[in-house]
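Note sheet for the following structure.
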Amino acid sequence: MRRPRRGEGGVVKKIVALAVLTALLAGCGKEGTPPPKGPQPSSLPSYQVQSGAGITGSPTLDEARRRGHLVVGAKEDQPYLGQKNPATGEYSGFDIEIAKMVAADLGFTPEQIEFRTIASANRETALQNGQVDYYVGTYTINDNRKKLVGFAGPYYLAGQSLLVRRNDNTIQGPEDLAGRKVCSAAGSTPYQRIQKQYPKARLIAYDTYSACVDNLITAQVDAVTTDNTILMGYAAKVPDEMKVVGPLFSQEPYGIGTPKNDTVLRGALNDALAHHQENGDWRKAYDATLGLSGVPAPTPPPIDRY
Ligand code: GLU
C-alpha cells in the first residue's frame, strides 16, 4: 500500500492520461458513438423557497443569514452526483439538487448557495472549521465520523463496488483484488474497507476518484473502488472503456454533513429532506440526475433522527 505523490509516474504520462479522460468525458469517443446523455437542466425541479424564519438557534444559519448566502461543500468530478462545469463554474447532479432543495426550506434560493469543492479526506475538517455550512457529496454516515460532525439523513443508500476496464474479465468481486492495483480516494470508507478486509490488494490512494479513473484508463491501476453510484456515473460516460462489476459489498447511507453541535440545523435539514421526499421533489430530482446513469430508482431510506 502506498500513496503516490503528485506527478509520480511522469508528467508526460499524466498529461496524456488527463487528455484521454477529458476527451472521453467530453463525449469525443469513437466515431459514431452518440454523446452520452447528461442531466438536462430543463427537467430539473425547482423548489419553493420558504421564509426559514421559524428556524432559530442555529449558529450556522445565523452566520449564513448575516453573510447573505450559504456555503455548501460538494464534489466537482462525480458525474450525475456533483459535477462542476469548468466553463460556467456551475455545479449539477443529485447531491447538488439535495443541497438546493434543503436550502429552499432554510430560506435560501439556488443563487444564494456558493458551492465549494471539498475532497473526501477534508470533509470533517471543513465542517469543523466552518469552511462550509453543510456538505452534500456522497458522504457516508458512520459512527466514527459522527464523533467529528453531524449528519442529517440518510437521503440515499449506496454500496461499494468495482470499476474495471471493459475488456478485463479477471476481476469480478473484491476477492479478485489480491495482488492487483486498486485505487480509491484517501479518507473514504471504500479505501478503509479494502485496507482492512482485503489486505492483499495493492491499494493506491488519490485525492479524487477521477484521478483513479485516469489511471484505470491508462492501465496504471487495475480497478477503482468506491460507491456504485459514483462508479456507474463514470462508466455511463464512457461505456466502451469501463464497466462496473460484482456485487455491492457494503452499505453507504448518504447524509448531509453538518457542524457537530448545530442540532437545530441538523433537525431543520431532516425536516427539509422529509418534506421533499413527501412532495415528490426527491424523486423528480433523482430521475433528472442520478437516474440517468442507470442506477435503479430506490425508495429513500428512513431518516435517522439520532
Ligand atoms: N461514500 C463513501 C465515503 O463517504 C465514498 C464516497 C466518497 O468518498 O465521497 O467515504
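Whatever order the structure lists them in is the order used to number ligands and atoms, beginning at 1. By convention here, the first residue in the shown sequence is residue 1.
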Checklist line | ligand 1 atoms in contact with Lys75 (distance to a heavy atom under 4.0 Å) | finding: 7 (C), 8 (O), 9 (O)
Next item on the list: Please determine which of Trp282, Tyr47, Tyr286 meets the ring-ring contact (aromatic ring centres under 6.0 Å, His included) test together with His276.
Entry: Tyr47
Note to self: For ligand 1 and Tyr254, I'd like to know whether there is a polar contact (N/O to N/O, distance under 3.5 Å).
What the structure shows: no
Check: Same cluster for Phe151 and Ile256 if Ile/Leu/Val/Met/Phe/Trp/Tyr side chains link at under 4.5 Å?
Finding: no
Notebook entry, point to check: Which atoms of ligand 1 sit under 4.0 Å from any heavy atom of Ser120?
Noted result: 7 (C), 8 (O), 9 (O)
Check: Out of Thr229, Ile118, Asp227, whose heavy atom is nearest to atom 5 (C) of ligand 1?
Finding: Asp227
Margin query: With a 4.0 Å cut-off on heavy atoms, is Ala185 in contact with ligand 1?
Written below: no
Next item on the list: Report yes or no: is the cationic atom of Lys237 (NZ for Lys, CZ for Arg) closer than 6.0 Å to the six-membered ring centre of Tyr80, at no more than 45° off its axis?
Entry: yes
Next item on the list: Could you check Tyr254 against Asp227 for side-chain hydrogen bond (donor to acceptor under 3.5 Å, both in side chains), going step by step and ending with a plain yes or no?
Entry: CA-CA 10 Å; Tyr254 289 169; Asp227 306 336; 2.7 Å; yes
Notebook entry, point to check: Any side-chain donor paired with an acceptor under 3.5 Å for Tyr156 and Thr229?
Noted result: no
Next item on the list: Of the side chain and backbone of Arg145, name the one, both, or neither that has a heavy atom under 4.0 Å from an atom of ligand 1.
Entry: side chain
Notebook entry, point to check: Do the side-chain N and O atoms of Thr60 and Asp262 include a donor-acceptor pair separated by under 3.5 angstrom?
Noted result: yes
Next item on the list: Given side chain to side chain contact (heavy atoms under 4.5 Å, CB included), test Tyr155 with Phe94 step by step and report yes or no.
Entry: CA-CA 11 Å; Tyr155 61 86; Phe94 183 57; 4.0 Å; yes
Notebook entry, point to check: Between Ile230, Thr189, Thr208, which one has a non-hydrogen atom sitting closest to atom 3 (C) of ligand 1?
Noted result: Thr189
Check: Under 3.5 Å, is there a donor-acceptor pair linking the side chains of Arg116 and Gln131?
Finding: no
Note to self: Below a 4.0 angstrom heavy-atom separation, can you tell me which part of Arg123, side chain or backbone, both or neither, approaches ligand 1?
What the structure shows: side chain
Notebook entry, point to check: Going by the atom numbers of ligand 1, which of them fall below 4.0 Å from some non-hydrogen atom of Gly137?
Noted result: 9 (O)
Margin query: Against the six-membered ring of Tyr306, is Arg266 placed for a cation-pi contact (under 6.0 Å from the centre, within 45° of the normal)?
Written below: yes
Item checked: Region of Thr226 engaging ligand 1 - heavy atom pairs below 4.0 Å -> side chain
Margin query: Taking distance alone, with N or O pairs closer than 3.5 Å, would you say Ser188 contacts ligand 1?
Written below: no
Check: Taking heavy atoms and a distance under 4.0 Å, where does Pro190 meet ligand 1: side chain, backbone, both or neither?
Finding: side chain
Next item on the list: With heavy atoms under 4.0 Å as the rule, classify the contact between Thr140 and ligand 1 as side chain, backbone, both or neither.
Entry: both
Check: What atoms in ligand 1 come closer than 4.0 Å to a heavy atom of Tyr139?
Finding: 4 (O)
